[in-house]
Amino acid sequence: MKDKKIEITIPNVLTSLRILLVPFIVHSIMKNRIHLAFYMFLIGGITDLLDGFIARRFKMITKTGAFLDPSADKIFVVPTIIVFSLKGFIPLWAGCIFIGKDAFITISIGVLYLIKKNVPINPTFAGKSAMFLEGVYLLFVMIDAFINGSQPTKILKFFFLYISILSAIIAVLSYIPVGLSIIRRRN
């Protein structure tokens, strides 16, 4: 049996930090400390940008990071969406679309792994864009909540809601041909 080791690199530590922020973000939202959740969410977003940049720039790309980074994105965003949906900051239907996208992608990867065993985890551009736009939308939700919404903030929040919904749908559609090509591929 091959020894599976966890590769500890700066990018992987930054990704892990993003995951560790989640309970604090959720707790802050639950206690209506939206400003605190905003700052922690912003720090998490910065670690997401930094981990990818450092990994590529300094050739620190690892198998651990290739698995951990997209998982951390979902672990970071999904609980925030759930809590904001339950507290009424995000329309419940929108939260269901965002979570449905992530569930579809995660379940599809699991099914592909069961069928093919060696499935590369390569996010599509549409998938990365959807995750980014959801993050921007969540930032505007937080800004709107803690400054008690100026008109420009409400307009931007509304804009990013529908742009991120559209990108979530496009992301799901972009993964379907990828999954079908993996199933058809002979190993």
Would Thr62 and Thr9 count as having a side-chain donor-acceptor pair, cut-off 3.5 Å? no
What's the separation between atom CD1 in Ile54 and atom CG in Asn12, rounded to the nearest 0.5 Å? 11.0 Å
Atom pair CD1/CD1 of Ile143 and Ile34 - distance to nearest 0.5 Å: 12.5 Å
Backbone N/O of Ile169 and side chain of Lys101: donor-acceptor pair under 3.5 Å: no
If you count the non-hydrogen atoms of other residues, nucleotides and ligands that lie under 6.0 Å from NZ in Lys74, is the total more than 12? yes
Kindly indicate, with the supporting measurements, whether the criterion side-chain contact (heavy atoms from CB on, under 4.5 Å) is fulfilled by Asp69 and Arg18. CA-CA 9 Å; Asp69 186 58; Arg18 191 160 70 252; 2.8 Å; yes
Would the Phe160 and Tyr137 ring centres measure less than 6.0 Å apart? no
Parallel, tilted or perpendicular: rings of Phe146 and Tyr39 (30°, 60°): tilted
Just wondering, are more than 12 heavy atoms of other shown residues or ligands nearer than 6.0 Å to CZ in Phe104? yes
ILVMFWY clustering at 4.5 Å (side-chain atoms), partners of Ile8: Val13
Within this structure, what is the CD1-CG distance for the pair Ile82 and Leu92, rounded to the nearest 0.5 Å? 11.0 Å
Decide whether Met131 and Ile176 are clustered together by the hydrophobic rule: side chain heavy atoms of Ile, Leu, Val, Met, Phe, Trp, Tyr closer than 4.5 Å, transitively. yes
Quick check for you: to the nearest 0.5 Å, what is the distance between Phe98 atom CZ and Leu161 atom CG? 5.5 Å
Just wondering, do Ser164 and Val136 contact through their side chains at under 4.5 Å, heavy atoms? no
Report the distance from atom CD1 of Ile109 to atom CG of Leu114, rounding to the nearest 0.5 Å. 12.5 Å
Which residues satisfy the ring-ring contact (aromatic ring centres under 6.0 Å, His included) test with Phe158, sequence neighbours excluded? Tyr162
Check residues 24-32 and write down every donor-acceptor pair under 3.5 Å in which the side-chain atom is one partner and the other belongs to a residue at least two apart or another chain.
from  : atom 1 : to    : atom 2 : distance (Å)
Ser28 : OG     : Phe24 : O      : 2.8
Asn32 : OD1    : Lys87 : NZ     : 3.1

Considering all heavy atoms of both residues, which atom of Ala130 and which atom of Ser167 are nearest to each other, and what is their separation? CA-OG, 3.4 Å
Minimal heavy-atom distance between Ala72 and Ile19, with the atoms involved, is CB-CG1, 3.6 Å
Which heavy atom of Ser85 sits nearest a heavy atom of Pro91, and at what distance? OG-O, 4.3 Å
Within the 4.5 Å heavy-atom criterion, are Ile183 and Leu112 side-chain neighbours or not? yes
Mind checking whether Leu36 and Phe140 sit in one hydrophobic cluster, side chains of I, L, V, M, F, W, Y counted as touching below 4.5 Å? yes
Nearest heavy-atom approach of Leu173 to Pro177 is O-CD, 3.1 Å
Between Ile115 and Ile107, is there shared hydrophobic-cluster membership here, with clusters defined by ILVMFWY side-chain heavy atoms closer than 4.5 Å? yes
Hydrophobic clusters here meaning ILVMFWY residues chained together by side-chain heavy-atom distances under 4.5 Å, can you tell me if Leu42 and Met142 are in one? yes
Run Asp51 and Asp48 through side-chain contact (heavy atoms from CB on, under 4.5 Å) and show every step you take. CA-CA 5 Å; Asp51 68 16; Asp48 190 20; 3.8 Å; yes
Using the rule given for side-chain contact (heavy atoms from CB on, under 4.5 Å), can you reason through Asp73 versus Val77, listing the C-alpha separation, both sets of side-chain angles and the distance that settles it, and then say yes or no? CA-CA 6 Å; Asp73 289 344; Val77 170; 5.6 Å; no
Criterion side-chain contact (heavy atoms from CB on, under 4.5 Å) on Trp93 and Ile165, from CA distance to verdict: CA-CA 10 Å; Trp93 62 267; Ile165 292 288; 4.0 Å; yes
State, to 0.1 Å, how close Val178 and Ser174 come at their nearest heavy-atom pair, and which atoms those are. CG2-O, 3.5 Å
Indicate the atoms forming the closest heavy-atom contact of Pro79 with Val22, along with that distance. CG-CG1, 3.8 Å
For residues Ile147 and Phe41: do they belong to one hydrophobic cluster (side chain heavy atoms under 4.5 Å, members Ile, Leu, Val, Met, Phe, Trp, Tyr)? yes
Point-to-point distance, once rounded to the nearest 0.5 Å, from CZ of Phe76 to CD of Glu134: 12.5 Å
